[in-house]
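Letters go in sequence order (proteins before strands), and every chain restarts at 1. Note that the structure is predicted; figures quoted are calculated from it, not measured.
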Number of protein chains: 2
Amino acid sequence: MKETLSSIAARTGFSVTTISRVLSGNAEKHRISKETIEKVLKDAREHNYSPSLVAQSLRTNKTNTIGLLLPSIANPYFADVASVVISEVHRRGFTAIVIDTMEDEKNFNDSASLLLSRRVDGIIAVPCGTDCTLIESINDNYLPVVLIDRYYDNSHLSFVTTNNHKGGLMATRHLIGMGHKKIACIQGTITSNPSKERVRGYREAMTEAGFDEHIRIVGNEFSIQNGYLETKLLLESANPPTAIFTLSNTITLGALKAIREAALKIPEDISIISFDNYTYMDFLEPPVTRIGQPTEDMAKLAIKILFDRIESVPNSTSQLKLSPSLIAGESIKGI
Amino acid sequence: MKETLSSIAARTGFSVTTISRVLSGNAEKHRISKETIEKVLKDAREHNYSPSLVAQSLRTNKTNTIGLLLPSIANPYFADVASVVISEVHRRGFTAIVIDTMEDEKNFNDSASLLLSRRVDGIIAVPCGTDCTLIESINDNYLPVVLIDRYYDNSHLSFVTTNNHKGGLMATRHLIGMGHKKIACIQGTITSNPSKERVRGYREAMTEAGFDEHIRIVGNEFSIQNGYLETKLLLESANPPTAIFTLSNTITLGALKAIREAALKIPEDISIISFDNYTYMDFLEPPVTRIGQPTEDMAKLAIKILFDRIESVPNSTSQLKLSPSLIAGESIKGI
DNA sequence: CTTTTTTGCGAAAACGATTGCACGAAATTC
DNA sequence: GAATTTCGTGCAATCGTTTTCGCAAAAAAG
C-alpha cells in the first residue's frame with residue numbers, strides 16, 4: 001500500500017540508488033542497463049508507485065510550488081487573476097497554493113509566513129495594508145516575491161500593475177469630452193494604490209478642465225455596498241452629479257442598484273463609467289463603459305518575472321505599469 | 001540565513017530534541033524547565049526561525065494540505081466554490097492546492113495523481129469525464145475524496161450536489177405555470193450529471209403537462225458560445241420557442257447576446273429562465289429568473305465530510321443532494 | 001544513608017527521496 | 001599480456017523534523 005523506492009529495491013534486488021535513477025529519468029546518465037530499467041519500471045508500474053514530492057522537496061530544497069495571496073477570491077477581478085496564475089504555473093510544472101487574506105493585513109502577514117514555512121519557491125501577492133516590512137524581508141532573504149495590482153510606495157519589491165493614474169485620467173477626460181462637468185468619483189479601499197492613483201487621475205483631469213469646484217470624491221471600500229450607499233447619497237444630495245466614475249466592478253454594481261431604486265435611467269438621467277473589464281459588463285442594460293485592465297497580461301508578466309528569479313539568482317527589481325484601455329458601452333450621454 | 005532546529009541547538013547548547021519540544025509546544029509534556037524554554041524561544045525569535053513544514057510532513061506523514069480540482073476557475077460558479085473551500089480549509093489550519101483541469105479528463109486524472117504525489121490529506125473535486133477508476137482507487141486506497149457538483153453514476157464516492165432533477169422540474173413547471181408551451185432547453189456538457197439531471201427534470205415536467213411534442217433539447221457545453229449559437233439557431237428556426245431554459249449562467253449570457261442581436265425584448269418577445277445564482281444576475285436588464293444552487297452550503301458540507309474522514313478513519317460514503325431554490329427576476333412573461 | 005521517585009534532558013532511528021564517491025568486472029588499447 | 005577505459009551498480013551521507021527510549025542528577029521517601 002505504501003510504495004517507496006526501497007520497497008521496489010527490495011523486490012527487484014537493486015539498490016535504492018538505482019531505482020531512484022531509473023524513476024527520475026537519469027538512467028542514461030548513469031548507464032543503467034536496458035534490462036534493469038525495464039524491470040524497475042515494470043515493478044514500479046505494477047505497484048503503482050507514486051514518488052513522494054515531500055521527500056523530494058526536503059532533499060532537493062525545492063518544492064515546485066508557488067504561493068498566491070489574494071484579498072478576496074469572491075471578487076471576479078481577483079478570481080480572474082487566480083485563474084491565469086494557476087494555469088500558468090501549472091504549465092510550468094508547478095502547483096499553486098492559494099490563500100484568501102480577506103483584505104486584512106494581519107491575515108496577509110500570517111499567510112506570507114505560512115508560505116515561507118511551506119517552503120514555496122516564490123510568491124505572487126496582492127498585498128493588504130501599508131506595512132511592507134515582512135513581505136519585503138521575505139523577498140530579500142528567502143524567496144522571490146512579485147506583487148500584482150497593488151504595490152507599496154518606496155519599496156523595491158517587483159510589481160506589475162495597471163497604470164491606474166492613466167486610467168483615472170482616461171475615464172474622467174472621456175466624461176468631460178462628452179460634456180459632463182459635475183462628475184463624482186466613488187473610490188475603493190483608501191490605502192490601496194490603485195484607488196489612490198485612479199483618484200489622482202480623476203483630480204488631474206478635473207483640474208485641467210477647470211472643474212476644481214466640482215471635484216467630489218466619496219467612498220472607502222471596493223465593495224457593492226459602498227457603491228450602493230455612496231450613490232444613494234450622491235443622488236439625494238442637493239446638487240447631484242450628472243456622471244459618476246466608479247472605481248471597480250463591485251462599486252459599479254452597487255451604484256446600478258441605487259440608480260435603479262431611484263427609478264433613474266442610464267444614460268438618460270445619469271451617466272456612469274467604471275473600472276475593471278468583466279464579461280458581465282457587456283450584458284448589463286445598458287452595457288457599461290469602462291476602463292479595462294489587462295488582467296491576463298499582468299498575471300502572465302508577474303509569473304514570468306517570478307520564474308526568472310526562481311530560475312536564476314539575480315535579485316533584480318521590475319516595476320511595471322501596463323496601460324489600461326477604454327471599452328465603450330452605452331452608459332454615457334453626451335450633453 | 002537558513003535556520004533549523006540544529007542551528008538553534010548549536011547556539012543554545014541544548015539538543016535538537018529539546019528545541020523541537022519547546023517549539024512545537026510540547027515543552028510542558030516533557031517538563032522542560034522555564035529557563036530553557038525562555039532561552040530557546042528567545043533564540044528562535046531572534047533568528048526568526050521558520051519551521052520546515054516539508055520536513056514536518058515527511059516525518060509525520062501529514063501535510064495539512066488538501067487538493068481542489070476544478071474544471072474552470074474562470075467560471076463564476078466554480079470560483080464561488082473555490083472561494084468557500086479555500087477559506088474553509090484555511091480556517092481549519094490547512095492550505096489548499098488548486099488546480100484547473102480545463103474540463104479535460106486526462107488533465108483531471110493527471111492532476112489527481114499529482115495531488116497524490118504531493119501527499120495531500122484529502123481531495124475536493126469537480127470531476128471531468130465519465131471514467132472514475134483512478135479517482136475511486138485513490139479514494140479507496142490512499143486518501144479521502146469528496147466530489148462537489150458532479151458525481152459518477154454507480155460509484156460509491158461521496159458527493160454533495162444540487163438536486164438538479166428537482167431544479168429542472170421547478171424551472172420548467174414555472175414556465176408552464178406562466179402559460180408557456182414551446183419551451184426549449186439549452187444543455188451543458190452532455191456527460192455531466194448536473195446537465196443530464198436538469199434535462200431529465202425538464203423532460204418530466206413537459207411530459208406531465210402533455211407537451212411532449214414541444215420538447216426541444218439543444219447544446220452541448222457549459223459555455224457562453226454554446227448559449228449564443230444555440231439561441232441564434234432557436235430564434236431563427238421555423239417554429240421558435242416562447243421560452244428558453246438555459247442550464248447555466250454562462251449559457252444564459254450567450255443567450256442574452258443572441259436575443260439582443262435579434263433585437264428582441266425580454267420578456268415581451270421571449271422569456272428566459274436560467275440555472276445558477278450569481279450577483280450579476282440581478283443587475284441584468286431585466287433581472288433573470290433563475291434556479292439558485294446552495295453553493296456555500298454545498299462547499300461547506302463537502303469540507304465537513306472530508307475532514308470527518310481525515311480525522312477519523314471510517315471510510316463511509318455520504319451522497320447528498322441539496323435543494324435548489326427559485327429566485328424570481330423579471331425575465332418571464334405570463335401568456 | 002540507602003532506595004525510590006521525580007526532574008530535565010539527550011541519542012539515535014526514522015520519514016523517502018537524491019547524490020558524491022567508489023568499485024569490481026568486462027571490454028578495449030597498446 | 002598488462003594497462004587503461006568503459007560499464008553497471010551500490011554505500012552512505014544528507015535534507016529538517018518527530019519520537020521512542022533511556023539515563024544521570026536531584027529530591028523525596030524510608
May I have the distance from [X] (atom [atom1]) to [N] (atom [atom2]), rounded to whole angstrom?
X	N	atom1	atom2	answer
Leu5(B)	dG10(C)	CG	C1'	14 Å
Asn26(A)	dG20(C)	CG	C1'	14 Å
Glu28(B)	dC9(C)	CD	P	12 Å
Lys62(B)	dA14(C)	NZ	P	24 Å
Lys2(A)	dA17(C)	NZ	C1'	14 Å
Arg119(A)	dC15(D)	CZ	P	13 Å
Glu3(B)	dC15(D)	CD	P	14 Å
Ile19(B)	dG10(C)	CD1	C1'	11 Å

Residues of residues 33-58 of chain A with any non-hydrogen atom less than 4.0 angstrom from an atom of DNA chain D: list those, numerically ordered, please.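 Of all residues in residues 33-58 of chain A, the ones placing a heavy atom under 4.0 Å from DNA chain D are Ser33(A), Thr36(A), Leu58(A).
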Can you find a donor-acceptor N/O pair under 3.5 angstrom joining the side chain of [X] to the base of [N]?
X	N	result
Thr17(B)	dA12(C)	yes
Ser6(A)	dA17(C)	no
Arg21(B)	dT20(D)	yes
Arg118(A)	dG16(D)	no

For Glu28(A), I'd like to know if atom CD has over 12 heavy atoms of other residues, nucleotides or ligands within 6.0 Å.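 Atom CD in Glu28(A) is not packed in, count stays at 12 or less.
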Taking atom NZ of Lys106(B) as the centre, report whether more than 12 heavy atoms of other residues, nucleotides or ligands fall under 6.0 Å from it.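 Atom NZ in Lys106(B) is not crowded, with 12 or fewer foreign heavy atoms closer than 6.0 Å.
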Check Lys42(B) with Glu38(B), please: is the shortest side-chain N to carboxylate O separation under 4.0 Å? no
Assess, by modelled atom type and distance only, whether the side chains of Tyr152(B) and Glu136(B) contain a donor and an acceptor separated by less than 3.5 Å. no
Would you say the side-chain atoms of Asn139(B) and Arg309(B) include a donor-acceptor pair closer than 3.5 Å? yes
Which comes earlier along DNA chain C counting from the 5' end, the contact point of Ser20(A) or that of His30(A), where each point is its nearest nucleotide?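 Upstream on the strand: Ser20(A).
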Between Ser15(B) and dC9(C), does any side-chain N or O lie under 4.0 Å from OP1 or OP2? no
Does Ser318(B) offer a backbone N or O that forms a donor-acceptor pair with the side chain of Ser158(B) under 3.5 Å? yes
Verify, without hydrogens or angle tests, whether Ser24(B) (side chain) and Ser20(B) (backbone) share a donor-acceptor contact under 3.5 angstrom.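 Judged by distance alone, yes, a pair lies under 3.5 Å.
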Could you check which of dA17(C), dG10(D), dC9(C) has an atom nearest any side-chain atom of Phe14(A)?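 Given the options dA17(C), dG10(D), dC9(C), the side chain of Phe14(A) is closest to dG10(D).
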